[in-house]
Every structure is written in C-alpha cells, then in structure tokens.
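In this text, all values refer to a predicted model and were calculated from it rather than measured experimentally. When a ligand or atom number is given, it counts from 1 through the structure's own listing order.
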Amino acid sequence: MLITFEGIDGAGKTTQINKLVTYLTSQNREVLTLREPGGTEVAEKIRTILLESRQDISPIGELLLFSASRTELVQQVIVPALAIGKTVILDRFFDSTTAYQGYGRGIDLTLLQSIIDISTCGTVPDITFYLDIEPQEALHRKFAKTSIPLTFENDELDRMERSGLEFFQNVRRGYLDLISCNKDRFVCINALLPEATIQRQIITVLEERFHA
Ligand code: Z5A
C-alpha cells in the first residue's frame with residue numbers, strides 16, 4: 001500500500017508520519033518511510049540542488065529536477081517495495097508537483113501531467129492525507145521556536161521557502177483544487193487541530209478503508 005502526505009511546509013506532515021509509523025509497526029506492518037525529493041543517492045543530490053542552491057532555477061528546470069529525483073525513487077525503491085507487500089509512506093509525491101510547479105510557478109497543467117506520468121511510471125497512491133493550513137500560520141509554526149524572522153524573504157529559508165506569500169497561497173489553492181477533483185483518494189484534514197486528534201483521524205480513516 002502507498003500512503004502519501006501532502007501540504008505546505010510546516011503543516012505537520014513529518015509529525016504525523018512519525019506517529020503513523022509507530023502505529024503501523026505496532027500492528028506488525030512492514031513500513032518504509034521516504035521523502036521527496038530524495039531517497040536515493042542521486043535523488044538526495046538533486047534535493048540539495050533544488051533546496052540549497054543560491055542561484056535562480058527556471059520553473060521548467062525546477063520541474064525537471066523534481067521529476068528526475070522522483071523517477072529514481074519510484075524505479076529503485078518504491079516499485080520494488082510495493083511488489084513485496086511493504087507499506088510505503090511517502091512525504092510528498094506528484095501532487096506536490098501539481099501544487100508547487102503548476103499552481104505556484106504557473107506551468108501548464110497538461111504539460112506538467114505528461115511529465116508526472118513519465119516520472120511515476122503510473123504509480124498512484126492508495127490514499128493521500130492533505131494537511132490544510134494557511135501559509136502564514138505554517139511559517140509561524142515552523143520557525144516559532146527559533147530566532148528566525150517570520151517573513152518569506154529572509155536568507156535562513158531554503159530556495160523553495162523563499163518563494164513568497166502569494167506563491168504559497170497559490171500552492172494551497174492548487175491542493176484544494178486537486179482535492180475537489182480526486183475525492184476518492186484525498187483525505188483533507190484541518191492541520192490546526194491538536195496532533196493527537198489528527199493522528200486519530202488518520203488511523204480511523206485507514207482502519208475504515210483498508211481494515212489496517
Ligand atoms: N516540492 C516541490 O516544489 N515540488 C515537488 O514535486 C516536491 C517538493 C516533491 C521540500 O521541502 C520542498 O520541495 C517543499 C515543496 C517542494 N518546499 N517548500 N517550500 P522539505 O522536504 O524540506 O520540507 P516540507 O515537506 O515542505 O515540510 P517540513 O518542513 O518537513 O514540514 P512538515 O513536515 O509539514 O511539518 P512538521 O515538521 O511535522 O511540523 C512543523 C512544526 O509544527 C513543528 O515544530 C511541529 O512540532 C509543529 N506541529 C506539527 N503538528 C502540529 C499541530 N497539529 N499543532 C501544532 N504544532 C504542530
């Protein structure tokens with residue numbers, strides 16, 4: 001089974017993935033946790049270019065780099081793991097590309113979908129949890145415990161995080177559009193709820209749908 005988590009930075013994906021891994025492991029499920037971009041040697045190098053580069057990257061260049069990282073992860077790790085019955089939990093997958101490069105950067109959605117189809121080899125999640133939060137609130141949450149100024153323009157942020165408030169508002173709009181078109185696959189969760197409440201919602205949905 002392939003379970004993906006989506007949402008803008010700071011929505012709480014990592015927090016919920018860690019809790020879900022603990023739960024599924026206690027149920028004797030073999031779980032593999034991965035993140036995008038990353039997860040293979042080459043994909044981790046691409047991650048460094050994408051997030052730590054101080055130079056501008058064109059929107060199409062960015063799309064192709066995320067897609068190259070994805071191809072490596074899907075072919076080398078995800079497909080083989082699913083084939084032997086593992087539960088794969090993935091922190092971001094192709095919905096991030098639609099939301100960030102499509103709605104955020106403004107790349108044509110038809111062109112983008114054809115590149116997604118190539119990079120995923122047709123792999124689609126069984127279920128996708130989307131944690132919904134306003135960009136300002138997510139930024140605050142992510143850096144609240146640090147002395148980093150709470151603006152989207154400061155140098156402490158990575159290349160994607162510096163994209164600005166309007167960009168992240170468009171990304172969120174993208175996710176909400178994706179949900180309305182993929183109601184069977186997406187589960188939309190209010191990320192402002194307490195961590196334990198969100199965890200219960202996720203486990204309840206999984207138990208109902210998959211008798212996990
Ligand atoms: N990207 C893209 O553009 N296109 C693509 O195709 C793909 C990715 C695949 C990857 O960033 C970047 O790449 C990302 C999208 C882009 N860029 N942006 N901007 P990343 O992997 O470095 O990080 P991330 O996935 O964006 O998010 P994150 O920083 O790991 O945040 P998170 O996992 O969603 O949140 P968290 O770490 O679990 O929680 C954040 C804080 O909130 C933390 O202090 C928690 O204790 C707290 N928290 C969590 N839950 C709660 C609740 N419920 N209440 C209160 N506080 C909470």
Side-chain angles (χ1 to χ4, degrees), residues 4-21 33-39 43-44 46-53 57-74 78 89-107 109 112-113 115-116 118-120 125 128-146 148 150 152-154 156-172 174-175 178 189-202:
T4 58
F5 280 76
E6 295 285 349
I8 56 177
D9 304 40
K13 298 181 302 301
T14 312
T15 306
Q16 291 304 324
I17 287 171
N18 290 340
K19 288 180 186 298
L20 183 58
V21 170
T33 312
L34 301 163
R35 68 171 179 187
E36 273 212 21
E44 287 295 331
I46 296 173
R47 179 185 176 89
T48 305
I49 296 171
L50 279 164
L51 300 187
E52 291 175 25
S53 179
I57 299 176
S58 67
I60 292 289
E62 185 179 280
L63 167 66
L64 294 175
L65 284 167
F66 277 115
S67 304
S69 164
R70 176 165 308 132
T71 304
E72 296 308 299
L73 187 66
V74 168
I78 296 177
I89 302 180
L90 189 47
D91 189 342
R92 298 190 178 282
F93 197 29
F94 59 77
D95 297 309
S96 287
T97 305
T98 306
Y100 282 79
Q101 280 64 56
Y103 286 76
R105 300 288 190 227
I107 294 177
L109 293 181
L112 191 135
Q113 188 57 51
I115 292 173
I116 287 176
I118 295 168
S119 66
T120 56
T128 299
F129 291 101
Y130 166 68
L131 300 179
D132 187 45
I133 190 168
E134 293 272 359
Q136 279 288 14
E137 178 63 30
L139 182 76
H140 178 79
R141 183 184 269 189
K142 194 163 166 178
F143 295 106
K145 294 167 195 156
T146 71
I148 296 173
L150 293 175
F152 284 99
E153 284 80 31
N154 84 68
E156 306 274 351
L157 302 184
D158 70 35
R159 195 186 62 82
M160 292 302 299
E161 289 167 340
R162 286 195 302 275
S163 300
L165 179 60
E166 194 184 343
F167 172 83
F168 285 101
Q169 284 166 338
N170 288 334
V171 170
R172 180 169 180 243
Y175 275 125
L178 273 170
I189 292 181
N190 177 358
L192 296 178
L193 292 170
E195 289 176 19
T197 309
I198 296 175
Q199 185 196 17
R200 270 198 305 280
Q201 288 188 358
I202 290 170

Under a 4.0 Å heavy-atom limit, does [X] contact ligand 1 with its side chain, its backbone, both, or neither?
| X | result |
| --- | --- |
| Ala191 | backbone |
| Leu192 | neither |
| Phe168 | side chain |
| Gln16 | neither |

| field | Interfacing atoms of ligand 1 (cut-off 4.0 Å, heavy-atom, Arg70) | value | 6 (O), 9 (C)
Among [options], which one puts a heavy atom closest to [atom]?
| atom | options | value |
| --- | --- | --- |
| atom 54 (N) of ligand 1 | Arg159, Arg141, Glu161 | Arg141 |
| atom 1 (N) of ligand 1 | Phe5, Phe66, Phe167 | Phe66 |
| atom 14 (C) of ligand 1 | Lys19, Arg47, Arg92 | Arg92 |

State whether the shortest distance between N or O atoms of [X] and N or O atoms of ligand 1 falls below 3.5 angstrom.
| X | result |
| --- | --- |
| Gly10 | yes |
| Glu36 | no |
| Gly12 | yes |

Does ligand 1 have an atom under 4.0 Å from some heavy atom of [X]?
| X | result |
| --- | --- |
| Glu62 | no |
| Arg35 | no |
| Ala11 | yes |

| request: Is it possible for you to check whether Arg105 lies under 6.0 Å from the centre of the six-membered ring of Phe167, through NZ or CZ, and within 45° of that ring's axis? | output: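 Pair Arg105/Phe167 counts as cation-pi.
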| task | Keeping the roles fixed (side chain from Arg159, backbone from Leu50), state whether a donor-acceptor pair exists under 3.5 Å. | result |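 Yes: the side chain of Arg159 pairs with the backbone of Leu50.
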| query | Does the Gln16 side chain pair with the main chain of Glu195, one donor and one acceptor, at a distance under 3.5 Å? | reply |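 Answer holds: yes.
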| task | Could you tell me whether Glu134 and Arg141 make a salt bridge, using a distance below 4.0 angstrom between a side-chain N and a carboxylate O? | result |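 Arg141 and Glu134: not salt-bridged.
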